[in-house]
Amino acid sequence: GCEYYDDYSEVMSYRHVRQDLFINFWRNVSGLEQVIDGLERVMKKDFILTWLTTPNAAFENKEPRELLSTQEGVDKILSIVEQLESGSLS
């Protein structure tokens, strides 16, 4: 059944948490979309999942997918993509 909340502030706090989760989810989706678009420009589509799930020295031996949860991580991946596109990294 449904729970009834007597405390309005508790409800508002819950809504705030849900809103933050929703915003972060879409931020992550947007970041992933940018990363995938970039990777498609520099490698075959068949290799993208392998690249995202293989530890990489450029990311302190973390899997690139681990960096997708923050904008800073997405920016690091996009920086590598830019270097691959320009030919400064091979």
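In this structure, the side chains of Asn56 and Asn61 stay at 4.5 Å or more apart for every pair of heavy atoms. At a threshold of 4.5 Å between non-hydrogen side-chain atoms, the residues Val35 and Leu67 do not count as touching.
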Residues 72-80, side-chain donor-acceptor partners within the protein, below 3.5 Å, at least two apart:
residue	atom	partner	partner atom	Å
Asp75	OD1	Gln71	NE2	2.9
Ser79	OG	Gln83	NE2	3.3

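Residues satisfying the side-chain hydrogen bond (donor to acceptor under 3.5 Å, both in side chains) test with Ser86, not counting sequence neighbours, are Ser88. Scanning for salt bridge (charged side-chain N to carboxylate O under 4.0 Å, His left out) contacts around Glu63 gives Arg65, with sequence neighbours left out. Here Glu85 pairs with Arg41 under the side-chain hydrogen bond (donor to acceptor under 3.5 Å, both in side chains) rule; sequence neighbours left out. By the side-chain contact (heavy atoms from CB on, under 4.5 Å) test, Leu49 is found to be paired with Thr53, residues two or more places apart in sequence or in another chain being considered.
Atom-to-atom distance recorded for Leu68:CG and Leu52:CG is 6.5 Å, nearest 0.5 angstrom.
Put simply, the residue from Glu40, Gln34, Glu33 that forms a side-chain contact (heavy atoms from CB on, under 4.5 Å) with Ile36 is Glu40.
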